[in-house]
Amino acid sequence: MFTFDEYTKNIEKFTNQNPFFSTSSIESALEFNSKLSKIAIDTFKKNSEITQEWSKETLGALEKLTKTQKNPSDYTKVVNDFVVEQSQSSPKHLAEYAEIAKKAQLDTIDLYMTAGKEINEEMTKSAKKASNKTVVTTAE
């Protein structure tokens, strides 16, 4: 019967012989995930800041709508002013969102390109090491 200790020994043997499970490759993967997470969190923070700013502007403009007006025609002016203000601020905020998305996309592409180069270099080193080793077999 196959015991847990035998299983553990076989996994350790496999990972020790496989260059893709080396400590440096695991550290590289963890570092990559950390950098990718930082890009995502920074993007979320910036999006939240824009959303909060936009919400405050909109709520400030809505306060004007809730005030009592003397003439019915004044309501039309207040509503018109609100619509104009919103139509002018919306493109600004949407452009800010687009800039944040563009920066996040460029940062992510740069991260993947750098990781690809590092993986390529590591694979080349591993291939050179493997080709320099001689294979010894025993005759039975």
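Owing to the predicted nature of the structure, the values given are computational and were not obtained by experimental measurement.
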List the steps, then state whether salt bridge (charged side-chain N to carboxylate O under 4.0 Å, His left out) holds for Lys35 with Glu31.
CA-CA 6 Å; Lys35 289 178 181 178; Glu31 183 179 334; 3.1 Å; yes

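- The CD atom of Glu57 lies 4.5 Å from the NZ atom of Lys92; values are rounded to the nearest 0.5 Å.
- Put simply, the side chain of Thr66 gets close to the backbone of Glu63: a donor and an acceptor are under 3.5 Å apart.
- One hydrophobic cluster holds both Leu59 and Phe82 under the rule that ILVMFWY side chains link at heavy-atom gaps under 4.5 Å.
- Taking each heavy atom of Thr108 and Leu36 in turn, the nearest pair found is CG2-CD1, 3.9 Å.
- Considering every non-hydrogen atom in both Lys64 and Gln69, the closest pair reads O-NE2, 4.1 Å.
- Between Phe32 and Tyr112, the angle of the ring planes goes over 60°, which puts this pair in the perpendicular group of the 30/60° scheme.
- Proximity of Lys77 to Asp81: side-chain heavy atoms (C-beta onward) are separated by under 4.5 Å at one or more points.
- Counting all heavy atoms, side chain and backbone alike, Gln86 lies closest to Trp54 at OE1-NE1, 4.0 Å.
- Taken to the nearest 0.5 Å, the NZ atom of Lys67 stands 10.5 Å off from the CG atom of Leu65.
- When hydrophobic clusters are built by joining Ile, Leu, Val, Met, Phe, Trp and Tyr residues whose side-chain heavy atoms come closer than 4.5 Å, directly or via intermediates, Phe44 is not grouped with Ile100.
- Among residues at least two apart or in separate chains, side chain to side chain donor-acceptor pair (under 3.5 Å) pairs with a member in residues 39-50 are Lys38-Asp42.
- Here the CD1 atom belonging to Ile109 is positioned 11.5 Å from the OG1 atom belonging to Thr114, to the nearest 0.5 angstrom.
- Atom CD of residue Glu53 and atom OG1 of residue Thr51 lie 10.0 Å apart, to the nearest 0.5 angstrom.
- Between Lys103 and Glu99, no side-chain nitrogen of the basic residue sits less than 4.0 Å from a carboxylate oxygen of the acidic one, so the salt-bridge criterion is not met.
- With respect to Asp5 and Lys9, no salt bridge is recorded, no charged nitrogen being found less than 4.0 Å from a carboxylate O.
- The hydrophobic cluster containing Leu62 also contains Val78, counting ILVMFWY residues as joined when their side-chain heavy atoms lie under 4.5 angstrom apart, directly or transitively.
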